[in-house]
Number of protein chains: 2
Amino acid sequence: MTMARANAGTKGVARADREGQILDIACRAFGTAGYASTSVADIAEAAGISKPLIYNYFGSKEGLHALCVEHAAAVLWAEFERSSASGTVGLARAVVTLDGMFRALAPQPWMWRLVFDPTAPPEGASREALAAYEARLFTLGEDGVSELMRLAGNTDQDDTSAMHAVWESAFRALVGWWLDHPEVSPEQMSQRCVRMFSTAFGDLDALALSARPGDGLPELAPHQPAPAPPH
Amino acid sequence: MTMARANAGTKGVARADREGQILDIACRAFGTAGYASTSVADIAEAAGISKPLIYNYFGSKEGLHALCVEHAAAVLWAEFERSSASGTVGLARAVVTLDGMFRALAPQPWMWRLVFDPTAPPEGASREALAAYEARLFTLGEDGVSELMRLAGNTDQDDTSAMHAVWESAFRALVGWWLDHPEVSPEQMSQRCVRMFSTAFGDLDALALSARPGDGLPELAPHQPAPAPPH
DNA sequence: CTGTGGTAACTTACCCGTGAGTCATATCAA
DNA sequence: TTGATATGACTCACGGGTAAGTTACCACAG
């Protein structure tokens with residue numbers, strides 16, 4: 001489509017264009033079928049080119065995968081950072097983070113599995129590319145969780161660590177549930193999250209839920225007044 | 001060790017004994033390294049026998065894996081059933097279920113990964129062996145969650161479905177955290193869970209936490225009086 | 001008590017499909 | 001001619017699965 005300035009001695013598509021095109025296809029393939037069950041030949045066929053071209057440009061399957069992961073992580077983590085800088089705290093920040101993730105993922109849902117792929121090689125370039133991002137995310141989450149735990153009167157180190165694990169797991173479960181229900185819009189899903197948090201922890205408004213209007217977060221609308229919260 | 005009725009023309013170890021031995025080794029191997037990264041040759045070597053013997057006795061890698069999964073699922077699900085029949089309800093039942101799982105897993109922690117192995121074949125004998133168990137577990141969990149949701153005033157179908165996903169995910173996260181901390185005893189971990197639930201949802205005694213004494217569940221001992229619960 | 005046949009247990013050496021990675025070569029713009 | 005894009009045809013390692021043979025033990029005939 002775009003010719004993008006073919007260099008001297010160039011036949012066919014310019015390298016930069018081709019690389020971008022391959023990368024895009026590879027992201028979808030790895031993110032849809034997983035690393036292990038995606039062969040380089042598959043990607044080449046999907047991209048309408050031959051296998052050696054991929055090796056010419058990316059060196060190895062893992063090299064290509066590393067770039068895909070890098071790309072996906074950059075997109076998703078930018079969203080995490082944005083949420084963490086939104087000025088909200090506590091459960092409100094959790095909701096904001098989820099909402100941002102739904103919106104970021106809506107046009108390219110495969111990015112999720114690309115980053116959290118259990119069949120990805122346990123060590124190597126792509127893993128190391130993720131490590132830095134994960135460390136950053138870990139501190140973000142740990143901070144938020146430990147803050148909430150402190151407010152609730154529990155300062156135990158290991159309790160906080162375990163609670164953090166639960167939070168990350170719950171986060172993934174919510175995103176996973178949403179990915180399994182493609183007919184649900186990000187807005188609807190965010191509202192569902194608000195309702196669920198409200199159901200689990202009682203009225204959120206009482207807990208410093210101060211999402212600023214115009215932030216993209218839909219108005220908080222609990223499903224029901226919840227006449228009998230669990231606590 | 002046991003000679004187990006040697007039939008005519010029998011050399012070496014009797015088939016039943018050998019099968020049990022191989023199965024045991026295979027459970028550990030699959031449960032430790034995962035299905036995908038465990039080769040039949042690995043298992044044969046670990047068992048001190050040759051590869052064809054495994055094929056003689058189990059037919060295929062997947063046949064062997066199916067038996068391992070069946071065994072592990074039977075053990076773990078028996079524990080689930082036991083918990084569900086313990087007469088507790090709500091969050092107390094959650095704690096009882098977790099406690100039972102910690103105790104069941106303590107002597108053979110690899111059983112966990114055997115059942116929840118993301119690298120296991122997505123279809124085939126082992127998957128079908130799990131399907132029935134999973135269906136049963138699903139209804140157990142869904143019932144408990146929907147009961148709690150109803151108490152909290154939320155009867156939305158999809159909210160319940162998503163909350164169930166979160167609960168299962170949280171359950172796995174807690175077990176996973178424990179497996180990552182081998183120095184923590186099941187008793188300690190159960191107490192940690194009680195503390196965490198208490199921290200998240202407020203004092204549990206107020207919520208029909210009626211674990212019967214002598215049930216094996218340690219006495220409930222919240223970390224701190226939690227002077228300022230989240231709600 | 002001996003040898004001889006039958007069978008279960010077990011192994012060595014192989015087949016073969018799959019998929020990562022490579023090499024020599026072809027095409028075409030400048 | 002040169003150099004960048006591009007490919008058909010290949011090598012190779014790995015792992016699931018198999019064919020054919022070997023060993024040890026028991027039963028029983030002589």
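The structure displayed is predicted, hence computed values, not measured ones. All chains are named by letter (A, B, ...) in the order of the sequence lines, taking the proteins before the strands, and each is independently numbered beginning at 1. Heavy-atom basis, side chains included; hydrogens, waters and symmetry copies ignored.
- The side chain of A:Ser50 lies closest to D:dT7, out of D:dT7, D:dA24, D:dG15.
- Rounded to an integer number of Å, the gap from A:Ile49 CD1 to D:dG8 C1' is 15 Å.
- Heavy-atom distances under 4.0 Å link DNA chain C to no residue of residues 115-129 of chain B.
- Applying the ring-ring contact (aromatic ring centres under 6.0 Å, His included) rule to A:Phe102 yields the partners A:Trp178; only residues at least two apart in sequence or on another chain are considered.
- In this structure, A:Arg15 atom CZ and D:dG3 atom P are separated by 16 Å, rounded to whole Å.
- Remark: P of C:dT22 and OH of A:Tyr57 are 17 Å apart, rounded to the nearest angstrom.
- Two residues are said to be in side-chain contact when any heavy atoms from C-beta on lie closer than 4.5 Å; B:Ile43 and B:Lys61 fail this criterion.
- Atoms CD1 (A:Ile43) and P (D:dA6) sit 17 Å apart, rounded to a whole Å.
- Considering only side-chain N and O atoms, B:Arg18 lies under 4.0 angstrom from the phosphate OP1 or OP2 of C:dC10.
- Across all strands shown, A:Phe58 has no heavy atoms under 4.0 Å from either base or sugar-phosphate atoms.
- Taking the six-membered ring where the residue is Trp, B:Phe171 and B:Phe80 present tilted rings, their angle falling between 30° and 60°.
- Distance alone, capped at 3.5 Å, places no donor-acceptor pair between the B:Thr32 side chain and the B:Ala29 backbone.
- When the C1' atom of D:dG15 is taken as reference, atom CG of B:Leu64 falls 15 Å away, rounded to whole Å.
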Pull out every protein N or O sitting under 3.5 Å from an N or O of nucleotides 17-21 of chain D, one pair per line with the distance.
unit_1, atom_1, unit_2, atom_2, d
D:dG17, OP2, B:Tyr55, OH, 3.3
D:dG17, OP2, B:Lys61, N, 2.9
D:dG17, N7, B:Lys51, NZ, 3.0
D:dG17, O6, B:Lys51, NZ, 2.6

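- In this structure, the side chain of B:Glu142 does not engage the main chain of B:His164 through any donor-acceptor pair within 3.5 Å.
- Classification of the A:Trp177-A:His181 ring pair by plane angle, with boundaries at 30° and 60°, yields parallel.
- Between D:dA6, D:dG16, D:dA24, one nucleotide has an atom nearer to the side chain of A:Leu53 than all others, and that is D:dA6.
- Distance B:Asp42 CG to D:dC14 P: 12 Å, rounded to the nearest Å.
- For the residue pair A:Ser39 / A:Asp42, a side-chain donor-acceptor distance below 3.5 Å is found, with atom types taken as modelled.
- Side-chain atoms of A:Tyr133 and A:Glu70 include a donor-acceptor pair closer than 3.5 Å.
- No contact: A:Ser37 has no heavy atom under 4.0 Å from any strand.
- Atom CD of B:Glu45 and atom P of C:dT12 are 13 Å apart (whole Å).
- With hydrogens and angles ignored, the 3.5 Å screen pairs no side-chain donor or acceptor of A:Asn154 with any backbone N or O of B:Thr199.
- The nearest whole Å value for the distance from the NE2 atom in A:His65 to the P atom in C:dG19 is 17 Å.
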